[in-house]
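Predicted model only: the values in this text are computed from it and were never measured. All ligand and atom numbering here is 1-based and tracks the order in the structure.
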Amino acid sequence: MFNLEKIVRPNIQQLKAYSSARDEFKGEAEVYLDANENPFGSLNRYPDPQQTAIKKRLSEIKGVNENQIFIGNGSDEVIDLAFRIFCKPGKDKALTFTPSYGMYNVSATINDVSLIELPLTEDFQIDINSLETYLADESLKLIFICSPNNPTGNCFTKETIEFILRNFKGIVIIDEAYIDFSTKTSFINQLKNYPNLIVSQTFSKAWALAGVRVGVAYANSTIINLYNKVKPPYNVSALNQKAVLEKLDNIAQFEIEKNIILNEKEKLEKELQEIEFIKKVYPSEANFILIEVTNATELYNQLVAQKIITRNRNGLVHNCIRVTIGSEKENKQFIKALEKLSVTPNKVNKGTLNFKRQ
Ligand SMILES: Cc1ncc(COP(=O)(O)O)c(C=O)c1O
């Protein structure tokens with residue numbers, strides 16, 4: 001049986017959250033002399049520490065209660081706070097799969113938590129057999145599942161994820177940063193079935209607000225209360241809250257832009273298949289595509305020389321480059337650059353990039 005009390009660090013269990021001025025008085029007043037603010041200017045007041053307006057809108061859109069929502073300074077904060085709430089530094093462990101998003105490892109290291117990184121299978125799926133031996137380890141507190149996975153672009157099966165949720169006595173964080181681009185449904189609607197589930201989403205990808213830094217965790221209210229206790233009091237600025245609320249007021253535009261990106265992805269996939277030195281174009285449930293070539297580092301450098309920046313993932317997936325879906329103009333420029341490389345072999349790419357696809 002999952003027992004949250006056994007999973008939470010004792011010091012966090014006992015922690016009394018900081019109570020800010022804006023936590024203690026809620027409502028409208030005429031004179032605010034409680035928070036040592038400056039009476040001048042337009043951004044002189046502290047923001048709502050509980051981001052009530054955003055939670056209200058998200059609760060309507062996502063069909064969850066407001067007390068099941070935590071708003072973070074990007075979903076990177078959702079990841080970091082999970083380590084702080086659940087893992088005793090130097091003692092507890094977390095687990096994820098590789099290749100995946102690099103911040104699980106960085107956050108684990110910052111928090112002095114050892115991270116087990118289980119290799120995905122050749123087709124980038126989770127190998128349940130290799131995972132099973134770890135599930136009973138009582139010092140293992142967190143499992144991160146990134147679905148759609150960065151950088152491979154695929155989702156994991158519902159059956160596999162549910163198997164982990166059922167059989168692991170710790171917390172499962174499903175990182176759904178790219179879920180809005182996917183054909184698969186979010187695990188948010190499984191919150192009622194799994195008390196150990198946290199679903200992480202972000203405004204940085206499909207919502208086009210990476211510069212704003214707002215991420216969201218959905219979980220049962222007990223877990224959300226722990227997040228609220230541990231977060232800095234004013235972790236989301238007034239400007240950031242405003243930007244998110246404006247976006248949420250125009251969902252039609254969000255849908256239009258998302259569909260443009262999905263159409264562009266389809267076009268780009270087809271065009272990439274035609275480039276002779278590209279060995280493989282991996283299917284993607286996200287707003288990026290992973291491509292395999294014979295020499296990823298050379299290709300990356302040659303694109304940089306043409307002022308086009310992709311992500312060289314060679315260290316993670318052998319000879320692979322991850323390319324984000326840009327605007328129509330940017331994608332055209334990218335394809336043009338690739339075509340140029342395949343028809344004008346020069347000193348660098350000769351014999352390395354001109355590879356016939358099998
Ligand atoms: C899988 C995944 N999770 C989380 C993040 C971080 O998102 P945020 O901008 O919300 O911190 C990223 C960013 O690239 C990502 O790829």
Side-chain angles (χ1 to χ4, degrees), residues 51 54-55 58 62 69-84 94-111 115 117-118 120 124 126 142-156 161 171-182 184 186-188 197-219 227 231-232 235-237 239-241 243-244 247-248 254 258 261 265 282 284-290 309-313 315-317 320-326:
Q51 307 94 21
I54 297 180
K55 287 179 184 169
L58 283 179
K62 304 281 179 177
I69 304 173
F70 166 78
I71 310 292
N73 182 9
S75 48
D76 283 340
E77 187 176 36
V78 171
I79 295 166
D80 178 62
L81 292 187
F83 283 104
R84 298 215 231 164
L95 183 147
T96 190
F97 305 91
T98 184
S100 194
Y101 181 48
M103 276 306 288
Y104 309 137
N105 193 315
V106 172
S107 238
T109 308
I110 291 169
N111 287 287
L115 183 73
E117 293 182 285
L118 278 187
L120 295 173
F124 299 142
I126 292 171
L142 298 175
I143 295 181
F144 289 92
I145 302 174
C146 185
S147 187
N149 189 35
N150 175 7
T152 59
N154 62 301
C155 285
F156 302 112
I161 296 177
I171 298 288
V172 178
I173 301 192
I174 306 181
D175 185 338
E176 292 189 339
Y178 300 96
I179 194 71
D180 297 303
F181 298 109
S182 171
K184 305 288 186 294
S186 164
F187 263 77
I188 287 182
L197 170 63
I198 298 175
V199 177
S200 165
Q201 294 188 356
T202 181
F203 280 89
S204 298
K205 310 297 176 183
W207 291 93
L209 288 179
V212 161
R213 311 302 305 127
V214 174
V216 189
Y218 299 92
Y227 264 89
K231 80 178 181 72
N235 62 328
V236 183
S237 80
L239 290 172
N240 295 0
Q241 294 190 41
V244 167
K247 269 281 164 189
L248 291 173
F254 158 82
K258 186 181 79 178
I261 292 170
K265 179 169 75 172
Y282 284 94
S284 166
E285 294 271 344
N287 67 333
F288 56 80
I289 302 175
L290 190 72
I309 315 303
T310 57
R311 194 89 149 112
N312 182 1
R313 298 284 73 189
L316 267 182
V317 199
C320 279
I321 282 202
R322 190 194 70 197
V323 56
T324 306
I325 314 301

Checklist entry - With backbone taken as N, CA, C and O and side chain as the heavy atoms from C-beta onward, which portion of E77 lies under 4.0 Å from ligand 1: side chain, backbone, both, or neither? => result neither
Checklist entry - Should you measure from each heavy atom of S75, which atoms of ligand 1 turn up under 4.0 Å away? => result 4 (C), 5 (C), 6 (C), 7 (O), 8 (P), 10 (O), 11 (O)
Checklist entry - Considering only heavy atoms of Y178, which atoms of ligand 1 have at least one such atom less than 4.0 Å away? => result 1 (C), 14 (O), 15 (C), 16 (O)
Checklist outcome for this item: of all protein heavy atoms, closest to atom 14 (O) of ligand 1 is K205 NZ, 2.8 Å
Checklist outcome for this item: Counting from 1 in the order shown, the ligand 1 atoms closer than 4.0 Å to a non-hydrogen atom of R213 are 8 (P), 9 (O), 11 (O)
Checklist entry - At what distance is the nearest protein heavy atom to atom 3 (N) of ligand 1, and which residue and atom is it? => result D175 OD2, 2.6 Å
Checklist entry - Which ligand 1 atoms does G74 reach within 4.0 Å, using its non-hydrogen atoms? => result 10 (O), 11 (O)
Checklist outcome for this item: Taken to the nearest 0.5 Å, the spacing of T96 OG1 from M103 CE works out to 13.0 Å
Item to check | Contact atoms of ligand 1, heavy-atom distance to S204 under 4.0 Å | outcome: 8 (P), 9 (O), 10 (O)
Next on the checklist: Out of all atoms in ligand 1, which are within 4.0 Å of some heavy atom of C146? Include the element for each.
Outcome noted: 1 (C)
Checklist entry - Do V216 and F203 come close enough that some side-chain heavy atom pair is under 4.5 Å? => result yes
Item to check | Parallel, tilted or perpendicular: ring planes of F124 versus Y282, cut at 30 and 60 degrees | outcome: tilted
Checklist outcome for this item: Heavy-atom nearest pair, S284 first then K265, reads O-NZ, 2.7 Å
Checklist entry - Does D76 approach ligand 1 within less than 4.0 angstrom via side chain, backbone, both or neither, non-hydrogen atoms only? => result both
Item to check | Shortest protein contact, atom 12 (C) of ligand 1 (heavy atom only) | outcome: Y101 CZ, 3.4 Å
Checklist outcome for this item: In short, I143 meets F97 closest at the heavy-atom pair CG2-CE1, 4.2 Å
Checklist outcome for this item: CD (E176) and CD1 (I188) are apart, to the nearest 0.5 Å, by 6.0 Å
